[in-house]
Each structure stands twice: as C-alpha cells, then as structure tokens.
Amino acid sequence: LAIERDRSAMLKKESEEEIQNQRTNALNSLKCASLGEMAKNISHEINGPLAVILGSVHQMNRIMDQESTNTEKLKIYTARLDRSVIRIEKIVKGLHSITRETSDDPFIHVQINSVIDEALSFFHERFLSHNIKINLSGDLEAIFECRNTQITQVLVSLLNNSFEAIVGSENPWIQVDTALFGNNIRIEITDSGPGISSEIAEKIMIPLFTTKVLAKATGLGLSISQAFVEEHSGKIWYDQKCQHTRFVIELPIEQMPSLKQVA
C-alpha cells in the first residue's frame, strides 16, 4: 500500500511538472509572437536619436571647416551626441531585457517608477512625434516585489495598445496612476480613447482575439499580460466604469514564500 501511494504521488508530481512545462512553452511561444508585433515600432524609437547624431555631426563638420572654430558650439553638439547615444543604448538594453526568458527570474524588490520608466523608454519618440502627452501620478516611489521584466512587458503591451488606439486623435493623452491598497499596489493606465464596448471587453483577454487589422496584430498581448500578472498572484482587468479606456493591474506588495520557492 505504501509503495502504491509513493507511485501515485510520483505520477502526480510528474503530471504537474509536465503541465507546468507545457504552460511555460506555450507562454514563451505567445510572448515571442507578441514581441514581434511590438518590435516593428522599435526602429522609430532609434531613428529619432540617429537623426540627431547625423545632424550634429554635420553641424560639427561645418564648424570645424571655419577658420576660427567655435568651441562653445562644438560642446553643444557633442552634448547632443552623448545624449542620443545614451538614448539608443537604453533602448537596446531594454529590448534585450524584455525579449529574454524570464520564467526563472527571481522576485526582487523594486520601485514602481523604475518599472514604468523602463516601459516608457520604448515610446519616447513615438509619443513625442505624435503629440501624445504622458502623465504620471501617485505613489511612484512605492516598493513592491516582482519579476520586474515581466511587469515591464505588461506595461509595454498596455501602452502600445493605448498608442495605437489614440494616435491621430485630437489632443491624445495617456495617464499612468499608481496607488497602494492595503497589501497591494495598483497601476492604472488610462488613455483618451472613448472606451471599449461591453461585448468586446468580455473577449479581450482571450488569446488571438483582436479588434485590430489582422496583418498588424496577433491578439496575444493582453492574454500574455494576464498570464504574467497571475504568476504574481495579481489581477488585471478593464475598468468599464471609466469614461475613457482604462486597464487596471493589481499586484501583491510581497509575494508568498511558497510562490517564490516554486519559481
């Protein structure tokens, strides 16, 4: 009887491990497809600082061709070069971070503003060139425990959805609010869009469901975001009471010890 119990326990454990492996593989496949959708926009982020670099080099050459070199003007352009190179470096570093495998990452304590800043780094040029205002408010210095790369991916997905929904509209804006609620931290991303119908809201977390042109979307961003948030014992939902378009993420400030051990 004892041997049978041990065998049953072993089979159960193997089954659970197989289910977890299948879930991880499926999630990785979904993530790769979704990141491919987002990567199309990265060139726009890099082209901005590259244009500044090329323009600065051109102006520096003109200055140096003059008989009396204006060192003060040269300093202005070298400062622009420095800022632009740092900008590109940050984009590339961030892209490398969010495209790598994260399922084995440890849970660490981070300030929420560092996660938000990393996500926003992928949208600086696009927001600027399309006159989209970004506003941050709330307890931005709040510290919580997470796999920060996964939460960054969730924010990138939501911000990308907001951008595509409001680009070209009149006076577009995006608001990111953070607040502490008891043992949880809440992040709200609201954009100037008119909201989503209840019929669509019921389906938006379903994998492959999308309201975008099929050639431009995979319909995977929200389902992946939901999976990442649930790995943190959190929740993500669409706020149907908001007059604009708002998604809410709620995460524990501290992760359960059992979850961290499994992770």
Side-chain angles (χ1 to χ4, degrees), residues 35-100 102 105 108-143 146 148-164 166-178 187 189-192:
L35 287 171
E37 178 183 335
M38 187 198 74
K40 294 182 296 185
N41 300 309
I42 296 299
S43 61
H44 190 86
E45 293 301 309
I46 293 179
N47 284 341
L50 280 177
V52 173
I53 290 173
L54 290 173
S56 297
V57 170
H58 178 70
Q59 291 298 327
M60 291 171 71
N61 286 332
R62 288 184 58 185
I63 292 170
M64 288 186 290
D65 285 341
Q66 297 173 0
E67 292 184 6
S68 56
T69 301
N70 189 327
T71 57
E72 290 304 314
K73 281 189 175 181
L74 282 176
K75 288 180 180 179
I76 293 173
Y77 290 115
T78 55
R80 289 181 183 176
L81 286 173
D82 187 56
R83 288 194 299 269
S84 297
V85 169
I86 291 174
R87 171 92 187 108
I88 292 174
E89 182 183 32
K90 185 176 181 181
I91 292 169
V92 172
K93 183 179 178 182
L95 184 60
H96 172 73
S97 174
I98 70 167
T99 53
R100 64 179 179 77
T102 59
D105 281 8
I108 61 173
H109 290 89
V110 297
Q111 276 192 341
I112 185 59
N113 59 351
S114 68
V115 181
I116 294 172
D117 286 345
E118 185 170 357
L120 287 174
S121 70
F122 292 99
F123 298 93
H124 177 80
E125 296 296 330
R126 273 183 287 168
F127 287 172
L128 188 64
S129 62
H130 291 89
N131 297 315
I132 296 176
K133 295 180 181 179
I134 180 76
N135 302 304
L136 307 179
S137 67
D139 194 349
L140 296 172
E141 296 183 356
I143 295 175
C146 70
N148 58 314
T149 299
Q150 290 186 345
I151 301 306
T152 298
Q153 290 175 7
V154 173
L155 296 181
V156 166
S157 178
L158 293 177
L159 289 167
N160 191 58
N161 285 347
S162 288
F163 171 80
E164 293 185 352
I166 65 176
V167 64
S169 62
E170 187 176 357
N171 300 320
W173 53 263
I174 297 174
Q175 176 79 30
V176 181
D177 298 295
T178 62
I187 309 165
I189 296 183
T190 311
D191 63 55
S192 54

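Each residue takes its place number in the sequence, starting with 1. These values consider heavy atoms only, across backbone and side chains, with no hydrogens, waters or symmetry-generated copies.
Partners of Ser137 under the side chain to side chain donor-acceptor pair (under 3.5 Å) rule, at least two apart in sequence or in another chain, are Gln175, Asp177. Partners of Glu72 according to the salt bridge (Lys or Arg N to Asp or Glu O under 4.0 Å) rule, which considers only residues two or more places apart in sequence or in another chain, are Lys75.
Note that the OG1 atom of Thr78 and the CZ atom of Arg83 stand 9.5 Å from one another [nearest 0.5 Å]. Atom CG of Leu120 sits about 10.5 Å away from atom NE2 of His124, to the nearest 0.5 Å. Atoms CD1 and CG, from Ile189 and Leu155 in turn, are 5.0 Å apart once rounded to the nearest 0.5 Å. Distance check: Ile132 CD1 to Trp173 CH2 gives 12.0 Å after rounding to the nearest 0.5 Å. One finds the CD1 atom of Ile112 at 10.0 Å from the CG atom of Asn148 (value rounded to the nearest 0.5 Å). Rounding to the nearest 0.5 Å gives a distance of 11.5 Å between CG of Asp191 and CD of Glu164.
Between Ile187 and Val154, the closest side-chain pair of non-hydrogen atoms is not below 4.5 Å.
A donor-acceptor pair under 3.5 Å links the side-chain atoms of Asn61 to the main chain of Val57, judged by distance alone.
When every heavy atom of Ile166 is checked against every heavy atom of Ser192, the shortest pair comes out as CG2-OG, 3.6 Å. Here the closest non-hydrogen pair linking Arg80 and Ser56 is CB-OG, 3.7 Å.
Between Thr178 and the choices Leu140, Leu136, Val115, the side-chain contact (heavy atoms from CB on, under 4.5 Å) rule is met once, by Leu140.
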Quick one, Glu118 with Ile151, criterion side chain to side chain contact (heavy atoms under 4.5 Å, CB included). Give me CA distance, side-chain angles, the key distance, then yes/no.
CA-CA 10 Å; Glu118 185 170 357; Ile151 301 306; over 6 Å; no
Yes or no on side chain to side chain contact (heavy atoms under 4.5 Å, CB included) for Met60 and Leu74, after CA distance, side-chain angles and deciding distance?
CA-CA 6 Å; Met60 291 171 71; Leu74 282 176; 3.9 Å; yes
Given Phe122 and Asn160, is the side chain to side chain contact (heavy atoms under 4.5 Å, CB included) satisfied, shown in steps?
CA-CA 9 Å; Phe122 292 99; Asn160 191 58; over 6 Å; no
For Val110 and Cys146: C-alpha separation, side-chain torsions, deciding distance, then whether side chain to side chain contact (heavy atoms under 4.5 Å, CB included) applies.
CA-CA 7 Å; Val110 297; Cys146 70; 3.7 Å; yes
